[in-house]
> 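Dropping a structure here in structure tokens format, bear with me for questions.
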Amino acid sequence: GNSVTQMEGPVTLSEEAFLTINCTYTATGYPSLFWYVQYPGEGLQLLLKATKADDKGSNKGFEATYRKETTSFHLEKGSVQVSDSAVYFCALVSGAGSYQLTFGKGTKLSVIP
Amino acid sequence: EAGVAQSPRYKIIEKRQSVAFWCNPISGHATLYWYQQILGQGPKLLIQFQNNGVVDDSQLPKDRFSAERLKGVDSTLKIQPAKLEDSAVYLCASSLDLGDRGQETQYFGPGTRLLVL
């Protein structure tokens, strides 16, 4: 079946530090990959996505590249801000006859001034 | 553009009671999803509708959970009777369509937090 594995949190960084949150996946077919973010007290929001190998998704300074050879979709940001404090979820849709989003467990990020 | 609306935001019930959640998707979105998010885990799909037809309900515990989407717009999710392990956040999401590989963006509502005592 499909599965997503994210690095365990929580992650605590100082403002302006570099962020990497690792995500690897197992899927049938050719999945589309997503990063969702959940800010405190709010619903899930799409952060970025990539629908085929070597695509790079980017938004709000965050980037992730779809690496088929390593089945990975790591999230990166060069300089985090306090406002980036949230829970980040990696997810996939396999597209192989199923359209459900399969999520990782989430990684909580706290950015301190 | 208005987002996905859900109500109530919070609900506390005792085990064996019944409860219902309501969702109003983004206008024009054909596909609607219900997810269960247990504390510390990622959301898990319960049921997916395309217009008013069910696309996938393979992970819905059908002995106690039911869902409907009359007229292809609003949807309700019901639990009857509730168990302690049903305590979770219930998320509704919608997308414009499925897309040819399911890659259409899903937009999530704020969720309903359920506590079963």
Side-chain angles (χ1 to χ4, degrees), chain A residues 1-10 21 23-25 27-53 55 57 59 66 73 75 86-108, chain B residues 1-7 9-10 23-26 29-51 53-60 88-113:
Chain A
N2 301 325
S3 67
V4 175
T5 303
Q6 297 181 228
M7 63 186 285
E8 300 252 342
I21 301 178
C23 170
T24 57
Y25 67 88
T28 53
Y30 299 93
S32 296
L33 303 174
F34 305 80
W35 277 101
Y36 277 83
V37 60
Q38 191 169 34
Y39 297 104
E42 298 184 17
L44 280 165
Q45 303 174 25
L46 178 68
L47 181 59
L48 52 85
K49 70 178 183 181
T51 58
K52 61 182 188 295
D55 268 3
N59 186 26
Y66 187 163
F73 193 54
L75 182 68
V87 181
Y88 292 83
F89 292 90
C90 185
L92 69 83
V93 171
S94 73
S98 170
Y99 301 102
Q100 66 169 278
L101 267 173
T102 299
F103 285 87
K105 291 187 176 182
T107 303
K108 184 175 181 179
Chain B
E1 175 181 271
V4 176
Q6 290 188 247
S7 67
R9 292 295 307 275
Y10 305 92
C23 172
N24 182 239
I26 293 173
H29 279 197
T31 312
L32 185 146
Y33 314 76
W34 282 102
Y35 289 86
Q36 180 192 59
Q37 186 177 14
I38 293 173
L39 188 65
Q41 298 184 20
K44 182 187 80 171
L45 182 72
L46 294 175
I47 189 167
Q48 179 180 341
F49 293 93
Q50 178 73 358
N51 296 310
V54 175
V55 175
D56 185 352
D57 64 356
S58 57
Q59 299 190 89
L60 186 74
V89 177
Y90 290 85
L91 297 167
C92 179
S94 69
S95 63
L96 196 59
D97 206 329
L98 285 171
D100 59 356
R101 292 191 298 118
Q103 78 276 22
E104 285 286 336
T105 298
Q106 295 184 27
Y107 296 87
F108 285 79
T112 296
R113 188 175 297 275

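Chain letters run A, B, ... following the sequence lines, proteins first, then strands; residues in each count from 1. Just so it is clear, the model here is predicted, and its values are computed rather than measured.
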> Is chain B contacted by the side chain of A:Q45, its backbone, both, or neither, given a heavy-atom distance below 4.5 Å?
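Interface part for A:Q45: neither.
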> Under the ring-ring contact (aromatic ring centres under 6.0 Å, His included) rule, collect the residues that match up with A:Y88, sequence neighbours excluded.
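A:Y88 satisfies ring-ring contact (aromatic ring centres under 6.0 Å, His included) with A:F62 only.
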> What part of B:Q37 gets closer than 4.5 Å to chain A, counting heavy atoms only: side chain, backbone, both or neither?
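When you check distances to chain A, only side chain atoms of B:Q37 fall under 4.5 Å.
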> Give a yes or no on whether A:E8 atom CD has more than 12 heavy-atom contacts from other residues, nucleotides or ligands under 6.0 Å away.
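No, the 6.0 Å shell around CD holds no more than 12 heavy atoms from other groups.
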> Got a sec: does the OH of B:Y10 have more than 12 other heavy atoms crowding it under 6.0 Å?
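No, because the 6.0 Å sphere around OH of B:Y10 holds 12 heavy atoms or fewer from other groups.
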> Side chain, backbone, both or neither: which part of A:L101 has a heavy atom under 4.5 Å from chain B?
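Both backbone and side chain of A:L101 come within 4.5 Å of chain B.
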> Quick check for you: to the nearest 0.5 Å, what is the distance between B:L45 atom CG and A:F103 atom CZ?
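If I round to the nearest 0.5 Å, the distance is 9.5 Å.
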> A:L44 and B:F108: which non-hydrogen atoms are nearest, and at how many Å?
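Shortest heavy-atom contact: O-CB, 3.5 Å.
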> If you count heavy-atom pairs within less than 4.5 Å of chain A, which of B:P43, B:P110, B:G111, B:S58 leads?
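Maximum pair count with chain A is reached by B:P43.
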